[in-house]
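Working notes, structure below.
One-based numbering along the sequence shown. Predicted, not measured: the structure shown is a model, and the values here were computed from it.
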Amino acid sequence: MRRMLTMTLAAMLAATTMMRADDGAARWWAHVQALANDGMEGRNTGSPAHKRAAEYVAAQFKTSGLEPAGVGGYIQPVAFNTRTIDESKSSLALVKNGKAEALTLGEDANINLRVDPAPSVEAPLVFIGYGLSIPERNINDFAGVNLTGAVVVHIAATPKSLPGPLQAHFGSADERWKMYKAAGAVGTVSIANPKSMDVPWARATLARLQPSMSLADPTLDEAPGQRLSVTMNPAHADKLFAGTGHTFAELLALVDAGKPVPSFALPARLKATTAVERARVESQNVAGVLRGSDPKRRDDYVVLSAHLDHLGIGGAVNGDTIYNGAMDNASGVAAILEVAAALRESGAKPARSILFLAVTGEEKGLQGSRYFAAHPTVPRSTIAANVNTDMFLPLFPLKTLMVLGLDESDLGQDIRATAQAAGVGVQADPEPQRNRFVRSDQYSFIRFGIPALAMKVGYEPNSPQAAIAATWTAERYHAPSDDLNQPIDRSAAAKYVEIVKDLAVRIANRADRPRWNDSSFFKRFAGGATHH
Ligand SMILES: [Zn+2]
């Protein structure tokens, strides 16, 4: 949004405490306004504005009577290395028969700085279809090609034959890199899949000049040894396939049909030069605890999480440069703030403790939650469950709850019972190919074996609501128009908050700890296996 809306922290705190307790929707919206007004500058990880937002959350936690659960207060500092590309000194080219064909950065392809790139890379390109090697599923896209010293080229897609959670897990960048590294590759070119791109290339490419961030803790490096990561514009992908007898359209049609995709060496080598400006910044997670009442279970925690960061200030869209992130994810932080306030007012005394957690760095790749899960401020073994809220999208009445991870653990029973009591249906993710189960902060907990759920306002396929959600994603997701001037269904937000609150209390009062279902792929992470 363009109109400047300034309100001091003190005025905002006063406004929210004055509101009547039964006016949960208004108070939820007041938190969204406090976090997503233009003065919050899009809450970019590591920015002064993000710090102000974190202080607002800490003050609200205090008002709701939560114990500080950060480091020496509510805040847990998180250190990041930042990398910004200098495109004037960077280049990509395809080299064939000694002739170099330049790829235009921003148009043909982008160098992704989530991976710390080597100053220069020149390597053969090998196309490997979906780019997966999963022996337990008899998938081997590496058969018949030599990846040693190569940059692998893959379509950002997973075979439809894989169950949704496995698509999500194995399709993630860091799981892919483990496979490629084991096969001797030095880098990756990921061709965006036009069918599952949430953000069209023209908008996604605006973000390429923003600093990219990774955790400064070297033990949490997600791509050890990776020297190059490139994202290819699907509309220009045929530059890679020239001379192979294949076209991108033909290969993409195989993906769309769920068919096997061939692997083959490409005729060109890739030459990359990358100039990077590096710096270090600090950002903030915010944690507070509602202490449990049962002497035996009060040192166990149910973590309610939501990411606080968004994209900051970036490329102008319709003259607006502030990426307010009202739905992504001021709305989710506002939800857990409202849950904390409502629990205090109700005098609820759940048996286990509830840890409220606003994390940073989600937009940089789930970084703040990874840091918390790796360095939790309570013993990790005492974290019984995670319930995450990211962009739950109250755009229309809440009749169905979309639950990510519904069939993975017995938390599924808790959410089914909670939703039923609220008169709301539940559904698993209707679009597993969008990888939502591993695309937000719950995944940082899952990788440490902690059962988790994430929820959104759901809709039936091909319904008017599905069209509203699709339009929102196309027009507002990761755009400056995800701001305070958009139509929101506040009753849906209030109902969602109520369900999160009731779910948290129900899990906190369980006699036993939540468990993964035996059939769940993610069960393997329980019992000590971790992210690396
Ligand atoms: Zn986002």
Side-chain angles (χ1 to χ4, degrees), residues 9 12-13 16 28-64 66 68-71 73-80 210 213 215 281-289 303-313 322-341 355-373 376-377 386-392 439-445 454 478 482-484 493 497 500:
L9 183 63
M12 194 59 81
L13 288 172
T16 53
W28 169 81
W29 181 246
H31 292 313
V32 176
Q33 289 178 307
L35 295 168
N37 70 75
D38 279 2
M40 282 298 184
E41 298 169 3
R43 306 182 306 283
N44 199 16
T45 299
S47 68
H50 183 285
K51 189 165 187 227
R52 290 200 299 279
E55 283 162 357
Y56 174 85
V57 171
Q60 293 295 327
F61 281 177
K62 189 166 188 218
T63 302
S64 292
L66 303 185
V71 178
Y74 291 97
I75 286 176
Q76 177 188 43
V78 185
F80 287 89
Q210 295 263 343
M213 295 194 184
L215 292 168
V281 297
E282 189 173 285
S283 196
Q284 302 82 28
N285 289 335
V286 195
V289 164
V303 174
L304 289 191
S305 55
H307 77 85
L308 178 62
D309 66 298
H310 192 56
L311 303 172
I313 295 172
I322 299 176
Y323 289 64
N324 304 78
M327 292 302 103
D328 185 12
N329 182 36
S331 68
V333 174
I336 66 168
L337 292 179
E338 184 51 25
V339 169
L355 192 151
F356 294 80
L357 178 66
V359 292
T360 190
E362 191 274 347
E363 305 288 8
K364 313 296 180 192
L366 316 186
Q367 302 288 2
S369 59
R370 280 187 75 230
Y371 186 82
F372 184 89
T377 53
N386 170 238
V387 176
N388 188 54
T389 296
D390 183 3
M391 214 174 81
F392 67 97
R439 272 179 53 187
S440 190
D441 295 301
Q442 67 275 3
Y443 201 54
S444 296
F445 293 90
H478 282 201
D482 176 14
D483 63 13
L484 298 176
V497 167
V500 174

Inset, instruction - Give the C-alpha distance, both sets of side-chain angles, the deciding distance and a yes or no for side-chain contact (heavy atoms from CB on, under 4.5 Å) between Tyr371 and Val359. - result: CA-CA 9 Å; Tyr371 186 82; Val359 292; over 6 Å; no
Legend entry - Residue pair Gln367, Asp309: steps toward the side-chain contact (heavy atoms from CB on, under 4.5 Å) verdict: CA-CA 11 Å; Gln367 302 288 2; Asp309 66 298; over 6 Å; no
Legend entry - Chi angles and distances behind the side-chain contact (heavy atoms from CB on, under 4.5 Å) call for Val57, Leu337: CA-CA 8 Å; Val57 171; Leu337 292 179; 4.0 Å; yes
Legend entry - From CA spacing to verdict: side chain to side chain donor-acceptor pair (under 3.5 Å), Asn37, Asn324: CA-CA 7 Å; Asn37 70 75; Asn324 304 78; over 6 Å; no
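From Leu35, atom CG reaches atom CE of Met40 across 6.0 Å, with rounding to the nearest 0.5 Å. Separating the CE atom in Met327 from the CZ atom in Phe392 is a distance of 7.0 Å, to the nearest 0.5 Å. Distance CD/Glu362 to CG/Leu308: 11.5 Å, rounded to 0.5 Å. The CG atom of Leu311 lies 7.0 Å from the CD atom of Gln210; values are rounded to the nearest 0.5 Å. Once rounded to the nearest 0.5 Å, the distance linking OG1 of Thr377 with CG of Leu357 reads 7.5 Å. In this structure, Gln60 CD and His31 NE2 are separated by 4.5 Å, a value rounded to the nearest 0.5 Å.
Of all non-hydrogen atoms in Ala358 and Ile336, the two that sit nearest each other are N-CD1, 4.4 Å. The two residues Ser331 and Val32 come nearest to each other via the heavy atoms CA-CG2, 3.9 Å. Annotation for Ser444 and Ala373: closest pair O-CB, 3.5 Å, computed over non-hydrogen atoms. Taking every heavy atom of both residues into account, Met213 and Val281 meet most closely at CE-CG2, 4.0 Å. When all heavy atoms of Trp28 and Val497 are compared, the pair lying nearest together is CD1-CG2, 4.2 Å. Contact detail for Asn44 and Gly312: the closest heavy-atom pair is CB-CA, 3.5 Å.
A side-chain N or O of His307 and one of Asp328 form a donor-acceptor pair less than 3.5 Å apart.
No donor-acceptor distance shorter than 3.5 angstrom exists from the side chain of Arg43 to the backbone of Ala53, with no hydrogens or angles considered. A distance-only check finds no donor-acceptor pair linking the side chain of Asp38 to the backbone of Ile322 [under 3.5 Å]. The main-chain N or O of Gly332 is never found under 3.5 Å from a side-chain atom of Thr389 such that the two would form a donor-acceptor pair. No donor-acceptor distance shorter than 3.5 angstrom exists from the side chain of Arg370 to the backbone of Leu215, with no hydrogens or angles considered.
Residues forming a side chain to side chain contact (heavy atoms under 4.5 Å, CB included) with Lys62 (at least two apart in sequence, or on another chain): Tyr74. The ring pair (Phe, Tyr, Trp, His ring centres under 6.0 Å) check on His310 picks up His478, with sequence neighbours excluded.
Here the side chains of Thr360 and Gln284 are not in contact, with every heavy-atom distance at 4.5 Å or above. Side chains of Tyr56 and Val333 form no contact here, defined as non-hydrogen atoms less than 4.5 Å apart.
Applying the side chain to side chain donor-acceptor pair (under 3.5 Å) test between Ser305 and each of Asp390, Asp441, Asn386 identifies Asn386 as the sole match.
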